[in-house]
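Computed from a prediction, not measured in an experiment: that's the story for all the values here. In listed order, ligands and their atoms are each counted from 1.
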Amino acid sequence: MTKPVVLESVAALRQWREAQRKAGHRVGLVPTMGALHAGHISLVTGVKQVTDKAVVSIFVNPTQFAPTEDFSKYPRTFESDLHLLSEVRAEAVFAPQVAEMYPQGFATTVSLDGPAKVELEDKFRPTHFSGVATVVSKLLLQAMPDVAIFGEKDFQQLAVIRHMARDLDIPVEIMGGPTLREADGLAMSSRNVYLTVGERMVAPIVHRTLQAAAEIVRRGMPLAVIEAEAADRLTKAGLVVDYVAIRDALSLAVPMECAAPASLRILVAASLGQTRLIDNIAV
Ligand code: PAF
């Protein structure tokens, strides 16, 4: 089991990337904020199937957290992350400090429209996606990967990044990786560690509610009624619902009532105690 090489500066990352290019290797990038779980590891495995060398970035990006959010308490588990990445044979880890990514005087952000402005996450975390898009565009330009992979659990994030890479002509293939779930259906997330034992028992209702809603959409009930009933079920279970929304799976726009079920995605965000859970499902 060889440990991945740890790169801490953009210069070191560029040097590593250049060596891969000279050797004729295709490079896959897996952007993460660390606290890795099986979901992240499946992204590494996924990108390794279509490239020769995988670099995983581990960077808790301050600009995507609002001042009221969990930046300072976000789990940081670097040593165990490295261990997991050794097991799955990631070749490199890019782990910059904040000052390396945002040196003094940093003054540029990516401004977004389209799938970043559809009243889902953007409504509840208005500064989030410009922080994500800025750091992801930096990571893409630093690592110049052939492929970059992002989890479908953050479905709106994936749509925003695809759109941004296309609009800015960043020469990379953006790949989505399926959501991994615990045995009871709870979507894997680094934030699940915040759940108390009692909350952890309640949390799978999010996935169960999505599954039930998808089934009813397929049978053809009015979408607004399905959204309201799903939100009501979650509220009764003790969650505070930000949204349950049935959207076009590509644009994330509100679909026409006559849209083909297969073109739809159901997205949910709800808090359970201090933990905000998000999830989504294809119809
Ligand atoms: O999904 C995440 O973990 C983050 O938003 C990302 C894409 C690594 C950017 O910081």
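Of the residues L13, V5, V6, the one that meets the side-chain contact (heavy atoms from CB on, under 4.5 Å) test with F94 is L13. With respect to Q156, the side-chain contact (heavy atoms from CB on, under 4.5 Å) criterion is satisfied by exactly one of E121, R247, R265, H128: E121.
Distances below 4.0 Å separate heavy atoms of V135 from the following atoms of ligand 1: 9 (C), 10 (O). Short contacts between ligand 1 and P31, defined as distances under 4.0 Å to a heavy atom of the residue, involve ligand atoms 8 (C). Listed by number with element, the atoms of ligand 1 under 4.0 angstrom from any heavy atom of T32 are 8 (C).
With rounding to the nearest 0.5 angstrom, the CD1 atom of I278 is 7.5 Å from the OG atom of S189. In this structure, E182 CD and M188 CE are separated by 4.0 Å, a value rounded to the nearest 0.5 Å. The distance from the CG atom of L264 to the CZ atom of R218 is 11.0 Å, given to the nearest 0.5 Å.
The single protein non-hydrogen atom nearest to atom 3 (O) of ligand 1 is M33 CG, 3.7 Å, given as residue, atom name and distance. Of the protein's non-hydrogen atoms, the one nearest atom 10 (O) of ligand 1 is Q64 OE1, 2.6 Å. With hydrogens left out, the protein atom closest to atom 5 (O) of ligand 1 is Q157 OE1, 2.7 Å, a heavy atom.
Looking at Y74 and N61, their side chains never bring a donor and an acceptor atom within 3.5 Å of each other.
Neither the backbone nor the side chain of I161 has any atom closer than 4.0 Å to an atom of ligand 1 (non-hydrogen atoms only).
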